[in-house]
Protein chains: 2
Amino acid sequence: MEKISLGYQSLAATFRYKVEEGMWRIGEPIPSEASLAKEYGVAVGTIRQAVAQLADEGVLVKRHGKSTAVSSGLNGQSMLRFFRHQLDGQRQLAPSAMVLDLKEIAIDKNIAKLTGWSCKTLLKIHRVRLVDGNPLLYEMIYLPLPKFKKFLGYTPKDFEDLFYPMYARSCGVAVIKAKDQVGFELMKKADAKVLSMKEGHPAVRVNRIAFDLTGKPVEYRSSVGDAMAFQYSAEVN
Amino acid sequence: MEKISLGYQSLAATFRYKVEEGMWRIGEPIPSEASLAKEYGVAVGTIRQAVAQLADEGVLVKRHGKSTAVSSGLNGQSMLRFFRHQLDGQRQLAPSAMVLDLKEIAIDKNIAKLTGWSCKTLLKIHRVRLVDGNPLLYEMIYLPLPKFKKFLGYTPKDFEDLFYPMYARSCGVAVIKAKDQVGFELMKKADAKVLSMKEGHPAVRVNRIAFDLTGKPVEYRSSVGDAMAFQYSAEVN
DNA sequence: GAGTGGTCTAGACCACATC
DNA sequence: ATGTGGTCTAGACCACTCA
């Protein structure tokens, strides 16, 4: 095994590969910087630079005093917090979620184009997100099917409130990034029914593509809710 | 002058201070890393770490082969690109902007709360952003007044299409970050008139607070447009 | 060619978490 | 006490920009 690698960028690529191939498993610690330095025959500082880059990308997580680990991904609370809730004094909010339906479908041409997925079938999950029992968001979630086949045997009540941690635990998929597109439309009949609203009511739609550790799209999600209750926050840099 | 500073974080704070106080001026190069190392009696690597942190924050800009400089800020095209334009084949889009009005006003209580500004008066600028001559966005821009007093003598036609570079050049203010809030409402009469639309039409409102090199709010902007033509993109990490 | 930042080394010592 | 990552040093050499 000759080493062609030169420089911390190649090392970073090597480490990224280890994560992709599952040699470094999600949520688990990687070898110490000192041992990696020995293994690759470089100075510790060089290892540190490579690790720092991956930590920047969200692939690795550094923990002072403990080992560096492969990221387990976002926790998935990132959707509901975008709604403005009518603040009833200091009362606690009780967000929850409910899966209405799941089924295997043929891949949608539009979704295939957006995600670049080459699989033949998808798992389509309908669910509602609620606050204090009131339905706020109606979500359609599409997952590529070889990868998420474990969910095929699930029933609606087997799903947890937060999906992303469940992806990590059950399917070995860590979501570390997502791209949202926010648009407005008039509510369709089917959506209105689920949300107990009138057809034609102003609605917001958020289409999201979520990415895993390797930068590949692993989820497509289309959510609809009451435009009047919606507020989206973002930073521009 | 004794040095109490220890570590690259203190150095970063020192450098940030130099930028705040104008000792390092926006758009201009800072001393080389070697000379800074000598000046502060630390190793070059330590200087590099401090500089890297500020570069990360967008305060400094590194340029391989040339000197590191204080950032001149964002270029301000970050608003209009959020609309979906009906693509007429491969035709080029021609975005532009027009200032309708500017005046000095007493500070708005709500804006004061959002920005933390303690000044007494603001400059309020109305402008329209157009694509191919069609009004798409109606913006109200609020600027704190000691800082932007130079604009008091301007007439509408003195303003350029992109505001942020103009802030930098004319007022020494570099915008490097902003926070957007996207919400939905029904169009008010005054807004509808400017945009050639009907009152009560679905409208999107984007409220933005823009921050300068020192992290202080320097602009409040409220923009309204046709919700049906709007699309907002953001990344979640 | 002179000056800048970018990469890398081989150490030292510090700060934190854990046993 | 041990092992981890965090900070720092004092060099060396490389890569880029520009006069």
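Only this structure's heavy atoms are used, side chains among them; waters, hydrogens and symmetry mates stay out. These numbers were taken from a predicted model, which means no experiment stands behind them.
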Exercise for the section: Pick base, sugar-phosphate or nothing for B:Val51, based on heavy-atom distances below 4.0 Å to the nucleic acid. Expected result: nothing
Exercise for the section: Work out which heavy atom in A:Lys62 is nearest to a heavy atom in A:Glu33; give both atom names and the distance. Expected result: NZ-OE2, 3.6 Å
Handout entry: Pair B:Ile26-B:Ser72, side-chain contact (heavy atoms from CB on, under 4.5 Å): steps then yes or no
Key = CA-CA 6 Å; B:Ile26 82 177; B:Ser72 307; 5.5 Å; no
Practice task
Tell me, please, the opening and closing nucleotides of DNA chain C, 5' to 3', among those with an atom under 4.0 angstrom from a non-hydrogen atom of chain A.
Solution key: C:dT7 to C:dT18
Practice task
Describe the nucleic acid contact of B:Arg63 in one word from base, sugar-phosphate, nothing, applying a heavy-atom distance below 4.0 Å.
Solution key: sugar-phosphate
Exercise for the section: Please say which of A:Val173, A:Val218, A:Val175, A:Val70 ends up in a side chain to side chain contact (heavy atoms under 4.5 Å, CB included) with A:Leu213. Expected result: A:Val70
Problem - Enclosure of B:Arg63 CZ (heavy-atom neighbours >12, cutoff 6.0 Å) - result: yes
Handout entry: Short side-chain N/O contact from B:Lys66 to OP1 or OP2 of D:dC18, under 4.0 Å
Key = yes
Problem - Within residues 27-34 of chain A: residues closer than 4.0 Å to DNA chain C (heavy atoms) - result: none
Exercise for the section: State yes or no: are the ring centers of B:Phe15 and B:Tyr40 separated by less than 6.0 Å? Expected result: yes
Practice task
Measure the distance from NZ on A:Lys62 to P on D:dG5 and round it to the nearest whole Å.
Solution key: 8 Å
Problem - Nearest heavy atoms of A:Leu114 and A:Ile209, plus distance in Å - result: O-CD1, 3.7 Å
Exercise for the section: Under 4.0 Å between any heavy atoms, over every strand shown, what does A:Val42 touch: base, sugar-phosphate, or nothing? Just pick one. Expected result: sugar-phosphate
Handout entry: Heavy atoms from other residues, nucleotides or ligands near NZ of A:Lys179 exceed 12 (cutoff 6.0 Å)
Key = no
Fill in the blank from the handout: For B:Ser32 and B:Ser35 the tightest heavy-atom approach is O-OG, 2.9 Å
